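Predicted model only: the values in this text are computed from it and were never measured.
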Amino acid sequence: MAEKHTYGQILKSSALIGGSSLVNVAIGVVRTKVMAILLGPSGVGMMGLYGAILELTVNIAGMGINSSGVRQIAEAAGSGEAERVARTAVVLRRISIFLGLIGAAFLLGFSRFVSTLTFGSDQYAPAVALLSIALFFNLVSAGQGALLQGMRRISDMARMGIWGTLGGALISIGVVYLFREEGLVLSLVLPAAMSLAISWWYSRKIHLHMPRISAVQIGHEAAAMLRLGFAFMACGLLMSGAAYAVRLIVVRKVGFDAAGLYQSAWALGGLYIGFILQAMGADFYPRLTAIAKDNTECNRVVNEQAHVSLLLAGPGVIGTLTFAPLVIAIFYTPKFEGAVEILRWLCLGMTLRVISWPMGYIIVVKGVQNLLIFSEVAWTAVYLGLAWIGVNAFGLKGAGIAFFGSYVFHVLMIYVMVRKLSGFRWSTENLQTSFLFLALITAVFCGYYALPAWLAMGVGTLAVLLSGLYSLQVLLDLVSPDRLPGPIFRLLKGFKLIDAGSYGYEDVEASCVKITVAGAALVNKPLTGLKRLIFAIMICTAFSLWAHWYKEVYGWSGEWKSLGLEVETLLPALPDRLKHWTGG
């Protein structure tokens with residue numbers, strides 16, 4: 001009998017990809033910090049523009065072949081036909097090399113035009129032309145990575161990511177240290193070459209019998225990949241094109257320093273969420289492809305993926321909102337302090353991205369190309385329109401507001417589409433989890449605009465702790481300890497969050513799960529008490545927001561002051577009142 005739920009598989013893939021991403025982040029922290037010190041905001045902004053050019057041209061030249069290749073490989077692997085898998089893999093590799101050569105020639109030929117469009121001058125044309133080499137390396141590497149992903153070689157993908165990031169960071173830091181801004185393009189080309197070598201090393205471990213393929217068979221396989229790949233290419237082009245266009249708007253309206261602040265906030269805003277989205281793309285996409293024709297099963301798996309993603313993302317987003325100034329200081333320098341506010345707005349949009357992406361995969365695995373392209377066109381139009389208005393009205397902060405607003409639109413649009421496509425509905429658990437985290441995130445976000453800094457920090461810190469505890473307890477209720485990935489099980493046991501008694505890892509029973517809070521054991525206890533406490537915090541925060549707004553606008557009357565009812569005098573008593581109200 002098939003396993004009823006896929007929570008164990010989701011957590012396993014999330015642990016592997018998320019763990020490798022965590023290592024990559026640690027490496028990236030050092031790289032980003034060094035780059036910020038060596039280059040400053042304008043140099044970081046210049047690097048962001050070069051990166052945007054590379055990403056945009058890779059999406060154009062790649063024709064979405066890596067994403068469509070994953071789908072084709074996953075379908076072939078699911079059929080159990082070894083010859084079909086080998087044939088698809090051979091065609092995928094050949095197309096990747098061919099498109100890489102075409103793309104490199106394209107960027108080389110249009111280097112002057114791209115330089116003028118991006119920087120307002122053709123003096124950067126040689127640097128743009130050099131990017132063509134990185135484009136070729138990236139496309140060939142992506143083709144080899146698609147083979148690994150389609151075969152669901154998750155552990156190899158994790159190792160490949162770690163070694164590629166480590167080697168790329170060392171090379172790029174060394175180049176920028178020696179040449180400063182003159183070495184920016186070279187710091188993109190050399191890591192791309194290393195990624196190609198590493199992806200080749202891991203992809204060669206997949207032993208496939210190379211079949212004889214006729215020109216007709218190659219044409220048939222290539223046409224199938226390119227048809228679906230065109231839709232992926234269009235979507236990737238729109239997404240990277242939108243990011244490129246927003247950077248141009250920021251540069252034109254605010255300046256290069258502002259582009260550097262935007263780049264730093266963008267990198268940090270997607271840092272934690274990137275863990276979840278990478279795991280989603282690495283395992284969830286090929287797994288969902290195998291059951292795409294069964295609407296009931298497909299919708300169930302999407303709901304389960306969305307549920308786990310929300311539980312993992314919520315505490316991280318709240319933590320980023322709360323400690324944004326500290327995060328900016330650690331990753332960059334005091335010169336980047338202006339990125340704090342836009343980082344918070346980007347965090348709101350990233351939260352909605354976690355909600356919309358699992359639903360969007362239904363459109364992808366169903367292969368409805370027109371609907372996929374339409375959804376991205378609509379989102380891009382809304383995003384760019386809001387960015388133009390927002391940056392003109394609010395400056396740099398407007399770019400973050402536009403990103404958030406575009407994903408409000410995206411969530412609603414995608415839900416309507418998949419509702420008609422597969423009959424998808426949000427599960428009760430997802431609706432409750434979404435409401436809980438969105439309300440908590442809203443309270444923390446608004447606190448930084450209306451409350452004193454110390455109080456907003458206190459509310460945010462408490463929200464991080466409570467949301468983290470809530471997510472942990474729900475996940476342990478969903479997955480018994482014997483289904484947890486080994487490293488996670490040992491970590492939780494080491495912190496005494498799981499009491500497995502004398503049981504070994506393989507013999508743990510779900511009934512042994514025990515969460516300890518301040519020494520008190522909660523054995524399979526419902527989440528009611530914890531939810532009540534979270535809602536109490538949100539209510540008190542809302543009251544504090546109202547009270548401080550009222551005081552700023554109207555002031556407190558003499559009668560209120562004589563009774564000692566100012567908000568500041570009530571705050572010390574809140575913990576005891578909350579404890580009494582929640583029965584704690």
Side-chain angles (χ1 to χ4, degrees), residues 1-17 67-81 84-85 88 146 149-154 157 224 228 231-232 276-313 353-372 375 411 413-434 474-475 477-480 482-485 510:
M1 179 182 293
E3 187 182 30
K4 183 177 181 181
H5 297 296
T6 60
Y7 293 118
Q9 177 63 37
I10 294 170
L11 284 176
K12 182 179 179 180
S13 61
S14 297
L16 284 170
I17 299 299
S67 297
S68 63
V70 171
R71 188 177 186 276
Q72 297 297 94
I73 293 288
E75 278 190 344
S79 70
E81 300 176 19
R84 182 183 171 190
V85 175
T88 306
Q149 186 177 348
M151 297 297 291
R152 296 181 65 187
R153 301 288 290 263
I154 307 301
M157 291 179 63
L228 182 59
F232 285 117
I276 293 103
L277 298 183
Q278 285 177 25
M280 196 183 299
D283 183 63
F284 173 60
Y285 173 29
R287 183 158 48 87
L288 192 65
T289 298
I291 57 172
K293 296 180 181 179
D294 186 341
N295 285 339
T296 302
E297 185 72 3
C298 182
N299 293 338
R300 180 183 66 81
V301 170
V302 169
N303 264 309
E304 290 177 1
Q305 177 70 49
H307 194 197
V308 172
S309 297
L310 280 168
L311 291 170
L312 294 175
R353 177 179 275 191
V354 171
I355 295 174
S356 68
W357 275 38
M359 295 187 294
Y361 274 107
I362 295 177
I363 302 175
V364 173
V365 300
K366 292 285 187 182
V368 188
Q369 302 170 28
N370 294 336
L371 198 59
L372 184 62
S375 65
V411 168
M413 175 184 63
I414 294 297
Y415 185 80
V416 171
M417 288 181 175
V418 298
R419 180 77 181 90
K420 294 182 178 180
L421 191 60
S422 68
F424 177 82
R425 287 182 183 273
W426 282 112
S427 64
T428 302
E429 293 80 5
N430 273 333
L431 290 174
Q432 292 176 349
T433 303
S434 298
V474 173
L475 288 171
D477 283 347
L478 292 174
V479 183
S480 61
D482 64 310
R483 296 292 297 162
L484 288 173

Visitor: Run the side-chain donor-acceptor check on residues 417-424: report pairs under 3.5 Å with partners two or more places apart or on a different chain.
Guide:
| from | atom 1 | to | atom 2 | distance (Å) |
| --- | --- | --- | --- | --- |
| Ser422 | OG | Asn299 | OD1 | 2.8 |
| Ser422 | OG | Val418 | O | 3.3 |

Visitor: Using the side-chain hydrogen bond (donor to acceptor under 3.5 Å, both in side chains) criterion, which residues pair with Asp294? Sequence neighbours excluded.
Guide: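 So Asp294 forms no side-chain hydrogen bond (donor to acceptor under 3.5 Å, both in side chains) with any residue.
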Visitor: So, the side chain of Asn303 versus the backbone of Trp426: is there a donor-acceptor pair under 3.5 Å, distance only?
Guide: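 It does not hold such a pair.
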Visitor: When you compare the side chain of Glu304 with that of Val308, does any pair of heavy atoms fall below 4.5 Å?
Guide: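 No, their side chains stay 4.5 Å or more apart.
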Visitor: With the side chain counted from C-beta on, respond yes when Ile363 and Ile414 share a heavy-atom pair under 4.5 Å apart, and no when they do not.
Guide: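 The answer is yes, as the side chains (C-beta and beyond) meet within the 4.5 Å cut-off.
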Visitor: Answer yes if the side chains of Glu429 and Thr433 hold a donor-acceptor pair under 3.5 Å, and no otherwise.
Guide: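 Their side chains do not contain a donor-acceptor pair, so the 3.5 Å distance test is not met.
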Visitor: Can you see which heavy atom on Ser434 is nearest to which on Leu310, and at what distance?
Guide: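 Minimum heavy-atom separation between Ser434 and Leu310: OG-CD1, 3.3 Å.
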Visitor: Hey, does the side chain of Ser375 reach the backbone of Leu372 with a donor-acceptor pair shorter than 3.5 angstrom?
Guide: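 A pair under 3.5 Å: yes.
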Visitor: With sequence neighbours left out, write down each residue that passes side-chain hydrogen bond (donor to acceptor under 3.5 Å, both in side chains) with Ser356, or none if nothing qualifies.
Guide: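 Here the qualifying residues are His410.
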Visitor: Working to the nearest 0.5 Å, report the span between CD1 of Ile362 and CG of Leu288.
Guide: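 Output value for this atom pair is 7.0 Å.
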Visitor: Show the numbers, then the answer: is there a side-chain contact (heavy atoms from CB on, under 4.5 Å) between Tyr361 and Lys366?
Guide: CA-CA 8 Å; Tyr361 274 107; Lys366 292 285 187 182; over 6 Å; no
Visitor: Taking atom CD of Gln305 and atom CG of Asn430, what is their separation to the nearest 0.5 Å?
Guide: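 CG of Asn430 is found 10.5 Å from CD of Gln305.
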